[in-house]
Amino acid sequence: MKSKINNNIERIIALSEELRWQIGDDFHDNLAESIYADASKIVEDAVIKDNEKAKFRLDAKIDKIVTSKIWGFPIMLFILGIVLWLTIIGANYPSAMLASVLLDTFLPILKNTGEALGFPWWLSGFLFDGVYLAVAWVIAVMLPPMAIFFPLFTLLEDFGYLPRVAFNMDSLFKKSGAHGKQALTMSMGFGCNAAGVIATRIIDSPRERLIAIITNNFSLCNGRWPTQILLATIFIGAVVPESYSSFASLSAVIGIAVLGIFFMFFFSWALSKTVLKGEVSTFNLELPPYRPPVFWKTIYTSLIDRTIIVLWRAIVFAAPAGAVIWLISNIYVGNESIASWTIHSLDGFGFLLGLNGVILLAYIVAIPANEIVIPTILMLTVMVTGIHGGVGEGVMFELDSVTATAAILKAGGWTLLTAINVMLFSLLHNPCSTTIYTIYKETNSLKWTVIASVLPVVAGFIVTFLVAQIWRILIG
Amino acid sequence: MENKPKSACETCSHFNAEGLKKLGVRTVDFDFVIALAGNPNTGKSTVFNALTGLRQHTGNWPGKTVARAEGAFEYNNQKYKLVDLPGTYSLLSTSEDEEVARDFILFGKPTVTVIVVDASRLERNLNLVLQILEITNNAVLCLNLMDEAKRNHITIDTRILAKDLGIPVVPTSARFQEGIPELIQTISELANGKIQCKPHKIKSIPKNIEKSVQELSTAIEKEYPNISNSRWIAFRLLEGDTQIIEALRTGKIANNEI
């Protein structure tokens, strides 16, 4: 029975091949033309367009400006600048408030409760100085900038600005041998690299898609924006007179983001010239109409769906990370804790890169989520360098403002060079574990996953090393 | 007795609370599968959210949905599973997002396919609509973004459009919840066989090609008498679509019989 059906099917397929020969190669075009002909006939009957009134198209006028050769890029930077400026200005106050509630009020209460219940020191240390502190820090440091940045970004996305960004960058991508749609996946990467990697499915050619996947990590993701903003505010803003400080920190963050885009082009170009050689495919990019965002709904959903989800993810990873940090800081081998031993052995390499052992260890601990890098650095700095602001074994001190964070970092030996290099390294290091896993799922290839993970770290080592050496020669 | 939602209530979030239950991601035990297809950036995800109460990420750029999202709603005690497909301009090429959409319409056996189109760009959108109507018989046209069409001074005669396409047409502005009750009602009537579609088949095909298509689709129908889209399969075979040839060989196509 089965073989009979198979025979019949083979006959159908053979027939189709024969007919295909008869009608020639024009079939695809002919079919497409027929569809268009039918479509236009239907529209002719059913659609009435008032051309007189439709003449004035606001969309087209706006597009002429925002995608113009002269104004396109300045407007892009300007919009990015406004979003970041609002984030920097707006995040400081809630940050201070959250820190004072979570760290100054709740932490002592928890510790006292632990004492009252007769917790041994290691349990209370593990739970409160480890797990709780890491979570509290993530919330205080990360939540405010995210709660401002996400909704603003979503508003832009809803308005329809992203395709214009893609349009502006298309020719640059083409020049670097990549697909123009990579501009869209790049923009998604500015939200989340894992999402950006999934978004590369819109790119048809496997070669160009791989390039887009490998280089997506050069889009500063939302786990890294707050790091950039915080460090720029503390260190870059402090270099210039106060009235210019927010402008200076703003420019620094934009500079890092633009540098990321530059690296994306550079590596796209390098890949397409070496291991991923091939033709650039063309495509049509539709510029959708601008749509006034449904303001409050957008704010609400982006707060609930993006901010809370990302924050939750950060907390989920911060809690065990806090536990690990506490453990490695409190388990001693000889007279040295594991953490301090690791940090000291990494210090030499860290110095070469203009970083330090704490930072390198923090980046290892924080592989699951970039969001916890700064909290991890703070905790490690406090625990290992022994800055004690409070009582006994604890890690109590105030973190009720950006200045307090600055104080810890400076006590940990940070200089302007350290800050700049951490900003650079935050841009140029391995993707978070979620993104790595996503890359593996999308490429189904261990080789490309490893390349996508290692390439940015190597770039980061090279760049920070060069910056550190040049800095030390020129500035000392 | 059926609860037909009244359009006077449609701006209220509880508009048809009696008949409609948004089930979010609870997609087990459904009676019908509904596919949501359409060009990129026509508001499929917004329609999806309006029907399921989910908050699938929406954004104003083409290509935002790349995988398919699933949700569910209940209407008049019947459960509908809704599948939001990636937006595509056509089903004739082979990028991954197009394949997801095409495979689902072809092999996922949706009871009803909701084709979401941008009312202000109807002609361009019809390209996909006409292709989908070659594949499936049970479809409704969701004429979305009516607010934008109005702003651009475009008027559409939905009755003529419905007659030409041979499927029901429902004008909506999903962002403002307008037309959603009517869409639900139409989906339910289609799913329960109360509306019969007579979808448009592509006409303006050159004679020699039409003859080949006829010959091939007759042969396919002889092999699979119950197949509903032999013409479309004939198109694909003439194009040399290896995937469809493979699906024909493995009998996957046959599962598509109604």
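- Around the NZ atom of K201(B), the shell of radius 6.0 Å holds more than 12 heavy atoms that belong to other residues, nucleotides or ligands.
- Judged by the 6.0 Å and 45° rule, R164(A) forms a cation-pi pair with Y290(A).
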Are D84(B) and S45(B) close enough, and set up right, to give a side chain to side chain donor-acceptor pair (under 3.5 Å), and what steps lead you there? CA-CA 7 Å; D84(B) 187 15; S45(B) 298; 3.0 Å; yes
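- Interface remark: R124(B) contributes side-chain atoms only to the contact with chain A (heavy atom separation under 4.5 Å).
- For chain A, the nearby parts of I209(B) are the backbone and the side chain; heavy atoms of each come within less than 4.5 Å.
- Contact count versus chain B (heavy atoms, under 4.5 Å) is highest, among V47(A), N30(A), I13(A), I35(A), for I35(A).
- Interface remark: of the candidates I205(B), N125(B), I202(B), N208(B), I202(B) forms the most heavy-atom pairs closer than 4.5 Å to chain A.
- Taking chain A as the reference chain and counting heavy-atom pairs below 4.5 Å, the highest number among T155(B), D157(B), I160(B), I156(B) is found for T155(B).
- Between chain B and the options A39(A), S187(A), S205(A), heavy-atom pairs under 4.5 Å are most frequent for A39(A).
- For D118(B), the part lying under 4.5 angstrom from a heavy atom of chain A is the side chain only.
- D158(A) has no carboxylate O lying under 4.0 Å from a charged side-chain N of R175(B), or vice versa, which leaves the two without a salt bridge.
- Annotation: side chain of C142(B) is not in contact with side chain of V170(B) (no heavy-atom distance under 4.5 Å).
- Heavy atoms closer than 4.5 Å to chain B are found in both the backbone and the side chain of I42(A).
- Contacts of E134(B) with chain A are absent, with no heavy-atom separation under 4.5 Å from either backbone or side chain.
- The side chain to side chain contact (heavy atoms under 4.5 Å, CB included) with L106(B) is formed by just one residue from the set I244(B), T136(B), I233(B), L91(B); it is I244(B).
- Contacts with chain A were tallied for L145(B), I245(B), L216(B); L216(B) has the most, counting heavy-atom pairs under 4.5 Å.
- Contact annotation: the side chain of L161(B) approaches that of L122(B) to within less than 4.5 Å [non-hydrogen atoms, C-beta and beyond].
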